[in-house]
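As the structure is a computational prediction, the values presented were derived from the model and not from experiment.
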Amino acid sequence: MTDKNIDTTYILPPQGLSRAKDILPLLPFGRASLWKFVKTGQFPAPRKITNGITAWRNADVIAWLEAQSAANDDKV
């Protein structure tokens, strides 16, 4: 069941940092794949803010998303 009152659109501001829970709605994969892609260098590395907080630079995530979009456009 879905709630029709929930706004599913999400925009990532170009500046600042975001945690995994904030960027996962924008990605075509889940949390486990996110960390696998980070480890293999296929996704930007996060920044360690504190021992318990890790975040990604929004600009890095946006650049990665745009690169993926451009790569897909080239295949069409």
Side-chain angles (χ1 to χ4, degrees):
M1 178 167 73
T2 61
D3 186 350
K4 294 181 181 179
N5 295 324
I6 295 175
D7 183 8
T8 57
T9 60
Y10 185 80
I11 299 172
L12 192 65
Q15 66 279 21
L17 300 168
S18 295
R19 298 192 57 194
K21 67 180 178 65
D22 301 318
I23 64 171
L24 282 169
L26 304 171
L27 304 176
F29 45 80
R31 184 176 298 274
S33 294
L34 170 64
W35 288 107
K36 180 179 85 171
F37 294 148
V38 166
K39 186 176 182 178
T40 61
Q42 298 175 41
F43 193 79
R47 306 291 191 260
K48 191 93 165 158
I49 307 303
T50 67
N51 281 338
I53 299 176
T54 301
W56 282 259
R57 288 184 58 235
N58 291 349
D60 292 346
V61 175
I62 291 169
W64 183 87
L65 289 167
E66 289 173 350
Q68 300 309 303
S69 179
N72 286 336
D73 288 347
D74 290 344
K75 291 180 183 177
V76 176

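- Counting only heavy atoms from C-beta outward, the side chains of W64 and L26 never approach each other to under 4.5 Å.
- The distance from atom CD1 of I62 to atom CG of L12, rounded to the nearest 0.5 Å, is 4.5 Å.
- The side-chain hydrogen bond (donor to acceptor under 3.5 Å, both in side chains) pairs that include a residue from residues 35-44 are T40-Q42, where partners are two or more places apart or lie in different chains.
- Of all heavy-atom pairs between P46 and T54, the closest is CB-CG2, 3.2 Å.
- Side-chain contact between W56 and S18 is absent, with no heavy atoms from C-beta onward closer than 4.5 Å.
- Within the 4.5 Å cutoff, side-chain heavy atoms of F29 are placed close to those of F43.
- Taking all atoms of both residues into account, the shortest heavy-atom contact from P14 to N58 is O-CB, 3.9 Å.
- Open room surrounds NZ on K21; 12 or fewer heavy atoms of other groups in view lie less than 6.0 Å from it.
- Closest approach of A20 to R31, counting heavy atoms only: CB-NH1, 3.5 Å.
- With hydrophobic clusters built from ILVMFWY side chains whose heavy atoms lie under 4.5 angstrom apart, V38 does not share a cluster with L17.
- Screening residues 50-60 for salt bridge (charged side-chain N to carboxylate O under 4.0 Å, His left out), with sequence neighbours left out, gives R47-D60, R57-D60.
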